[in-house]
Amino acid sequence: MDFEHILNELNDSQKQAVANYQGPSLIIAGAGSGKTKVLTVRIAYLIANGVQPWQILALTFTNKAAREMRERIGNLIGDQQARYLNMGTFHSIFAKILRMEADKIGHTSNYTIYDSSDSKSLIRKIIKDLHLDPDSYKQGAVLGRISKAKNNLVTAKAYANNDKLKQFDRETRMPDIYRIYQEYSKRCKQSDAMDFDDLLLNINILFRDNPDVASHYQNRFKYILVDEYQDTNLSQYIIVKKLSELHQNITVVGDDAQSIYSFRGAKIENILNFRNDYKDYKLFKLERNYRSTKNIVNAANSLIAKNKNQIQKKIYSEKDSGNKIKILRANTDIEEGYNVVSHIFDLSYGENYKYSDFAILYRTNSQSRIFEEALRKRNIPYKLYGGTSFYQRKEIKDLLSYLRVVVNPNDSEAIKRIINYPKRGIGATTVDKLETAAASQASSLWSILLNLHNFSSSFNAGTQKKLMGFVRFIQEKMTELGNLNAYDLAQKIAQDSGILKDLFLDKSPEGVSRYENIKELLNGINEFIETEKEQDPDAEVGLPKYLENVALLTDMDAKDDDIPKISLMTVHASKGLEYKNVFIVGVEQNLFPSQMSSGSEKEIEEERRLFYVAITRAEHNAIISYAMSRRKWGNFNMCNPSRFISEINPEFLDMPSNFNLIQKSANQESIFESFNEKPKGFSNFNKKSTNFGKFKSTKTSSFKNFKPDNAQNITLGMTVEHARFGLGKVIALEAEWPETKAEIDFKTSGKRQLLLKFAKLKIVE
DNA sequence: GTATAAACACTTTTT
DNA sequence: GTGTTTATAC
């Protein structure tokens, strides 16, 4: 293979980082410096130099990154070769290894992966069972503590013996966390289930207790590459260290300035201390930013310079200066939504940008709603990443729970979800009795169900019959596991369980959309099978394979149509992505930086890195927006602009004329003064501000003054707005109020039938 | 056992 | 304000 021309496309430091592939390497890759390119070419180069693809282990942070890299490597060396690369997230790669070695750590190869909502509901149950006060033991906090312990390789047993941790728990009024942790681990094992953190912890335990297994994988993985190394936690660090022990061909890529996951145990020290771990390491710095204009890069540099703890580097851009970073000021959060959307509107028409050239980035998911509403109002298509994902929806989790139970009937969390859905007359008392029995036998719900005759005194004949019916249903589907592929079996289960019928009969708009979601999930399974077959035509794609995949999916991975859309996501989710125009919104004190991360300088530094990540997503324009007041939990709060705005060198900023005034009063904490001041129009940048005022007035009068009898006034041909489906035209009406049904042709989601008394429709015109 | 209403927590970020 | 969990009546 001729690599000459590929290498010649790289700059000097990139070339060095590709060609020196032996031994430990640290690649410091600044934002937009062509990191993915270097990684892909380096892997292709390894293969061109005789390394077998299956000897390469490449660990990424997201599935998406892995997929894209595999594709790009495929383009360089051919898909046939790229197929055999071990490339994926830590979680997905090691979940697969754990399937193969499951018996060595007390699981079966069909083990279930619990997502965080499974974990949370299990924790809630344990708190109850241990008679602990649910007010002092919040499930989220408890799970967080357990998660942190696991990421630091502290098992339940070790936790119980750790006085320091227990001391801390006493100080925070949760002295019994170690008991919850023990019980949680026990029940996970009984359910043959692992949570996300277990996947990494158990790999460590596997390697520790089975030197032959460890040695097998050490031999196999001759070359190891880790992307986003600054965001690895201790558990991941130890795995990587162990695996690279033999060959020492370890390459880590990262940027300490973009370390933003310490809240979930990531240790920036891993990248800072690489030099101590591997003494004869090679260091490569990629400092030229190919993504952004000079102004954006310089602004970001001036901000991150405020952080003390970092590896020295000079990120620079050879592009034009470009526009300064514009600062937008709004009086309220709602006005901020309109400001930003209006600005997007102007930019896209004025400068001919596509909607897919825009991203709105926020600190917390809850901020998305206001922008969604503003975008819908202007009929601008958008895509929301994160938040309640598709896979978290009730109906989806219900069907997935059936699939999980058929693959692993010991999965008690899944059984509890579906044992009475669709309704089969098995109520809470029955489930309670089953759980008590299971606890007394230290076994799963399923094993109680199988031995129901031993507990016949606890359940009356009718109940027993119903339970047996459920057991038979599951068993019947289990026998199909070998014959049917994932799609056919899932389809059959959806059908025979009555889920499809139940949702089909529910004609409320919610029911209709649930039905469609189930259809979409089934289509997704079918698609999964097809892509797997493309990779390997002989592969049997059964339910277990699908479930493993779906457990580790996020909605960043969802496929999408080709309609250009604005992207809405948290700053965390935007890492690794780039957009021509980036709006960073809600840039206020106590929001960004977050109130919860303002305690120590260390936390502030992480928030600053997060802000750095946000700015450096932009290629042409970065726009920062803040509001002077914002609704939180129902009531209004006054806000001040974020300290980060004033930490950027002002020569790269385009400030609103009234910013200084606000800053001053903010410092004096007399923000009310400036708030009450009447702004001169909505935005001093927007020429269409008259238009804009109109928008605002419709908005304020809409949902607030919404009359319940409004729906009765809907007539044929009206344009209406639905909270979820957006704008649509009424094309048919039938039956008398309150049974009136309307057929509405929605612009984005097509024709739908809605019952007027349920559908929250707003008359637009 | 089920359907409805009231109470409750939730908001920092995610594999 | 929202979605989920518990209390109450049927």
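Every chain is numbered from 1 and lettered A, B, ... according to where its sequence line falls, protein lines coming before strand lines.
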Qualifying residues under ring-ring contact (aromatic ring centres under 6.0 Å, His included), relative to A:Y391, sequence neighbours excluded = none

Kindly list each side-chain donor-acceptor pair under 3.5 angstrom involving residues 416-423 of chain A, sequence neighbours excluded, with atom names and distances?
residue, atom, partner, partner atom, Å
A:K416, NZ, A:E435, OE2, 3.1
A:R417, NE, A:D398, OD1, 3.0
A:R417, NH2, A:D398, OD1, 3.3
A:N420, OD1, A:R424, N, 2.9
A:N420, OD1, A:G425, N, 3.2
A:N420, OD1, A:I426, N, 3.1
A:N420, ND2, A:I426, O, 3.0
A:Y421, OH, A:D502, OD2, 3.2

Taking only residues two or more places apart in sequence or in another chain, which ones pass ring-ring contact (aromatic ring centres under 6.0 Å, His included) with A:F459?
-> none

Residues two or more places apart in sequence or in another chain: which of them pass side-chain contact (heavy atoms from CB on, under 4.5 Å) with A:A65?
-> A:T60, A:T62

What is the distance from NZ of A:K632 to P of C:dG1, rounded to the nearest Å?
-> 17 Å

By a strict heavy-atom criterion of less than 4.0 Å, which residues belonging to residues 421-432 of chain A are in contact with DNA chain B?
-> A:K423, A:G425, A:G427, A:T429, A:T430

Has the side chain of A:R363 got a donor or acceptor that lies under 3.5 Å from a partner of the other kind on the base of B:dT13?
-> yes

Evaluate whether the aromatic ring of A:F90 and the six-membered ring of the B:dT15 base sit under 5.5 Å apart, centre to centre, with an inclination under 30°.
-> no

Any residue meeting side-chain hydrogen bond (donor to acceptor under 3.5 Å, both in side chains) with A:E336, in chain and number order, not counting sequence neighbours = A:S625, A:R630

Which pairs, protein N/O on one side and nucleotides 7-10 of chain C N/O on the other, fall under 3.5 Å?
none

Return the value, rounded to whole Å, for the distance between atom CD of A:Q392 and atom P of B:dT14.
-> 12 Å

Could you state the atom-to-atom distance from NE2 of A:H91 to P of B:dT14 in whole Å?
-> 14 Å

Say you pick atom P in B:dT13 and the same atom in C:dT4; how far apart are they, in whole Å?
-> 16 Å

Could you state the atom-to-atom distance from OH of A:Y362 to P of B:dT14 in whole Å?
-> 9 Å

Does A:R609 have any salt bridge (charged side-chain N to carboxylate O under 4.0 Å, His left out) partners at least two apart in sequence or in another chain, and if so, which?
-> A:E606

Mind jotting down which residue pairs meet the ring-ring contact (aromatic ring centres under 6.0 Å, His included) criterion with at least one end in residues 589-609 of chain A? Sequence neighbours excluded, please.
-> A:F592-A:F611

Residue list, salt bridge (charged side-chain N to carboxylate O under 4.0 Å, His left out) with A:E605, at least two apart or on another chain = none

What residues, two or more places apart in sequence or in another chain, satisfy salt bridge (charged side-chain N to carboxylate O under 4.0 Å, His left out) together with A:R70?
-> none

Which atom pair, heavy atoms only, marks the closest approach of A:L553 to A:N63?
-> CA-ND2, 4.1 Å

Hey, what are the protein-to-nucleotides 6-10 of chain B N/O distances that come in under 3.5 Å?
residue, atom, partner, partner atom, Å
B:dC10, N3, A:W633, NE1, 3.0
B:dC10, N4, A:W633, NE1, 3.2

Derivation of the side-chain hydrogen bond (donor to acceptor under 3.5 Å, both in side chains) call for A:K466 and A:T430 | CA-CA 11 Å; A:K466 289 172 195 163; A:T430 308; over 6 Å; no

In whole angstrom, what separates A:I239's CD1 from B:dT15's C1'?
-> 13 Å

